[in-house]
Amino acid sequence: MRFLKLNIIALFGISVLFLSSCSDFLEETSQDEIIPETLEDLAAVMYSEAYPYLFSGDVYLNLLTDNIESNGLTADNYLTNFENGMYIFTYTNTMFDGAFQIPNDANSWVSYYSKIKGCNVVLDHLEKITDTQEEINALKGQVLFLRGYYYFKLALVYCQPYSGNQINPDEALGLPLVLSMNVKDVYPKRNTLKETFDQIEADLTTSVTLLKENYTAPSLFRVGYLAAEAMLTRFYIYKNSNEDLQRIIDYSTDVLSKKPSLAYLGSSTSTFLAKGVYDIDVSTEPLWVYGVSTGGTSNYWPLSPIFNSKPPYTVSSTLTSLYDTEDLRPETYFRTSTNNGSTYYFVSKKISVSNANYGDRGIRNAEVYLNRAEAYCRMFLETGMSDYRVKALADLNELREARYETGTYSPVDITNGQVLLDFCLEERRRELSLEEGLRWGDIKRLNLGVDHTFIDADGNATTYRLAPGDLLYALPIPYNVMERNPELSQNPR
């Protein structure tokens, strides 16, 4: 990719468009005065408006899961954290209505659609650029990946699970699919769930082809074709259809044949305690990295807990009890603090909170191992062929061995197909804890219920339940978005 002098006027014009239009959801916009003239102009727009760096759009989803528990308001300094999370944690179906203050990072609709706008600006103007086809396709592949990624994230928040009980994808509510900035419908309606997933799949599969043939990512902060293939394994896992199991296996196998390495926690525990599995200086696992340090940006967890006062929300005992005593992940993946002499886990430490040079989210190949293992488990259940069981165990044991002190791990051997699948899903919860909203997606696709015991400011405990197949699997669209678009259908609740 060539990097020449940027057309500053064109880039400034696009920046003004984005700043002025963020408050008006997908409002029709004239592009007459915004004419990027070179590929370098569009590359600059892509880096600033399409890529998600210094960006956090779904940390709050952890509060909906069984990975977080409530401790009440133990200190006045925690009041903001407590209030920011309470309506989400208690499954209040008006959690994003005007009566409550919505933390900025909890408005995923605005966050992700603003990035989709950036993708569409680049795609619209790529058609007018006359550089080499290889250079054009390199940009197009990245932007299609990013658009597919953002629509997937939105679907994870605002749509029912694709293969959910009594869900007909041809009729269920999906997302407004806005694929160009030349919007003809000022108030776009929601497409169906099937149309939404079809578009995500098309964007991601096309990006794989374009990136593989035209682009080598210069760093892990840029999207290469392996990251796109890994993202497709995530997409098909959450689509949750047996028809896609072979696709998961094929894409996973290609990724892991090129990048099989895992970070061995036992050989360098002290390094990972200071850095984390998303720090590319010490970890070989990331395929794509973005974001900022969770500990420094979250509205729900304090950066430094007050001594002997637990924060309002901490890592749940139901999660931490899943780890063996020899498993190194609890001390590596979570920050710890002390309350009355007892140690507890309170926030993700998959990257150091003091290191802002690297992201804290993205895609890493540990997830790809888990996606392939799950596909093998389901193929074993479907066909009864023992080779699938052997391959699933091989993936699980390879991942798990990297999470124990070197030389101490004993491989698991499970013969029952359902028991093996359950173990695989449990391993997924252990490994991917507090990452990317993935546990929330798993709760939805697996049709799980969650019981939350909320402790209020006076110390009173009340249980709130998210039932299997709950309407809140599709979270309510924030009120400020609904107010701007009278054609937008709210999720039932």
Side-chain angles (χ1 to χ4, degrees), residues 67 220 226-227 229-230 233-234 237 248-249 251-289 315 319-336 345 348-352 358-377 389-414 420-421 423-436 438-439 442:
N67 287 345
L220 293 174
L226 290 181
E229 288 190 327
T233 72
R234 181 187 292 180
I237 279 287
I248 296 170
I249 292 169
Y251 281 121
S252 298
T253 298
D254 192 54
V255 172
L256 297 176
S257 69
K258 307 294 192 307
K259 187 170 182 176
S261 57
L262 290 164
Y264 278 80
L265 304 186
S267 61
S268 53
T269 302
S270 60
T271 300
F272 281 103
L273 288 174
K275 295 282 190 175
V277 294
Y278 271 106
D279 190 313
I280 62 177
D281 284 344
V282 298
S283 178
T284 58
E285 294 189 5
L287 296 158
W288 175 51
V289 177
V315 179
L319 172 58
T320 57
S321 66
L322 296 178
Y323 297 96
D324 298 335
T325 54
E326 298 85 4
D327 197 324
L328 298 173
R329 283 175 288 192
E331 62 179 307
T332 309
Y333 286 0
F334 308 118
R335 291 189 70 203
T336 60
Y345 304 102
S348 174
K349 194 176 65 177
K350 288 181 173 175
I351 191 165
S352 169
Y358 300 104
D360 60 349
R361 52 184 67 88
I363 303 171
R364 57 192 180 97
N365 61 359
E367 180 188 350
V368 181
Y369 275 100
L370 288 164
N371 291 345
R372 186 170 70 174
E374 182 176 337
Y376 282 144
C377 289
R389 181 188 73 87
V390 172
K391 288 179 177 179
L393 285 168
D395 280 346
L396 291 170
N397 281 318
E398 184 164 359
L399 173 63
R400 286 171 56 78
E401 184 176 9
R403 303 313 187 225
Y404 285 67
E405 192 68 50
T406 305
T408 65
Y409 178 69
S410 298
V412 296
D413 185 13
I414 301 170
L420 178 59
L421 176 60
F423 182 84
C424 180
L425 295 172
E426 189 177 274
E427 185 62 27
R428 181 181 183 85
R429 187 179 174 193
R430 282 188 286 264
E431 178 62 33
L432 302 178
S433 55
L434 307 185
E435 275 184 67
E436 284 278 293
L438 297 179
R439 180 57 183 171
D442 285 342

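Heads up: numbering here begins at 1 and tracks the sequence.
- Ser257 contributes a side-chain N or O that, together with a main-chain N or O of Asp254, makes up a donor-acceptor pair within less than 3.5 Å.
- Under the rule for a side chain to side chain contact (heavy atoms under 4.5 Å, CB included), the partners of Lys391 that lie at least two apart in sequence or sit in another chain are Tyr376, Asp387.
- Between Leu328 and Arg403, every side-chain heavy-atom pair lies at or beyond the 4.5 Å cut-off.
- Using a 4.5 Å cut-off on side-chain heavy atoms (C-beta onward), Leu370 and Leu432 make contact.
- Nearest heavy atom pair, residue Arg389 against residue Ile414, reads NH1-O, 3.0 Å.
- Here the closest heavy-atom approach between residue Ala402 and residue Leu262 is recorded as CB-CB, 4.1 Å.
- Rounding to the nearest 0.5 Å places OG of Ser410 at 10.0 Å from CG of Asp324.
- The shortest side-chain heavy-atom distance between Asn371 and Tyr251 does not fall under the 4.5 Å cut-off.
- For Asp327, the side-chain hydrogen bond (donor to acceptor under 3.5 Å, both in side chains) test picks out Arg329, with sequence neighbours left out.
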**Item:** Residues Glu374, Ile248; criterion side-chain contact (heavy atoms from CB on, under 4.5 Å); working and verdict
**Value:** CA-CA 9 Å; Glu374 182 176 337; Ile248 296 170; over 6 Å; no
**Request:** Under the side-chain contact (heavy atoms from CB on, under 4.5 Å) rule, what do Val277 and Tyr333 come out as? Steps first, then yes or no, please.
**Result:** CA-CA 8 Å; Val277 294; Tyr333 286 0; 3.6 Å; yes
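- For the residue pair Thr406 and Gly266, the shortest heavy atom distance occurs at OG1-C, 3.8 Å.
- Residues Glu229 and Leu287 form no side-chain contact, since every pair of their non-hydrogen atoms from C-beta on lies 4.5 Å or further apart.
- Residues passing the side-chain hydrogen bond (donor to acceptor under 3.5 Å, both in side chains) test with Ser252: none are found, sequence neighbours excluded.
- Annotation for Cys377 and Leu420: closest pair SG-CG, 3.6 Å, computed over non-hydrogen atoms.
- For the side chain to side chain contact (heavy atoms under 4.5 Å, CB included) test, residues two or more places apart in sequence or in another chain that qualify with Glu436 are Tyr149, Lys153, Arg234, Tyr290, Arg361, Leu438.
- Qualifying side chain to side chain contact (heavy atoms under 4.5 Å, CB included) partners for Thr408, counting only residues two or more places apart in sequence or in other chains: Tyr404, Glu405.
- The side chain to side chain contact (heavy atoms under 4.5 Å, CB included) test applied to Val412 returns Leu393, Asn397, Arg400, Tyr409, Phe423, not counting sequence neighbours.
- Using a 4.5 Å heavy-atom cutoff, the side chains of Pro286 and Ile363 are not in contact.
- Arg430 contributes no side-chain N or O that, together with a main-chain N or O of Thr320, makes up a donor-acceptor pair within less than 3.5 Å.
- Qualifying salt bridge (Lys or Arg N to Asp or Glu O under 4.0 Å) partners for Arg364, counting only residues two or more places apart in sequence or in other chains: Glu285, Glu431, Glu435.
- With sequence neighbours left out, the salt bridge (Lys or Arg N to Asp or Glu O under 4.0 Å) criterion links Glu398 to no other residue.
- Shortest non-hydrogen contact noted between Leu319 and Ser433 is CD2-CB, 3.8 Å.
- Under a cutoff of 6.0 Å and an axis angle of 45°, Lys350 and Tyr278 do not form a cation-pi pair.
- Taking CG of Leu399 as the reference point, atom CD of Glu427 lies at 5.5 Å (rounded to 0.5 Å).
- In this structure, the salt bridge (Lys or Arg N to Asp or Glu O under 4.0 Å) partners of Asp442, at least two apart in sequence or on a different chain, are Arg428, Arg445.
- Thr253 pairs by the side-chain hydrogen bond (donor to acceptor under 3.5 Å, both in side chains) definition with Arg372, not counting sequence neighbours.
- Residues passing the side-chain hydrogen bond (donor to acceptor under 3.5 Å, both in side chains) test with Tyr345: none are found, sequence neighbours excluded.
- Residues satisfying the salt bridge (Lys or Arg N to Asp or Glu O under 4.0 Å) criterion with Arg439, sequence neighbours excluded, are Asp66.
- Listed here is the closest heavy atom pair of Leu434 and Phe334: CD1-CE2, 3.9 Å.
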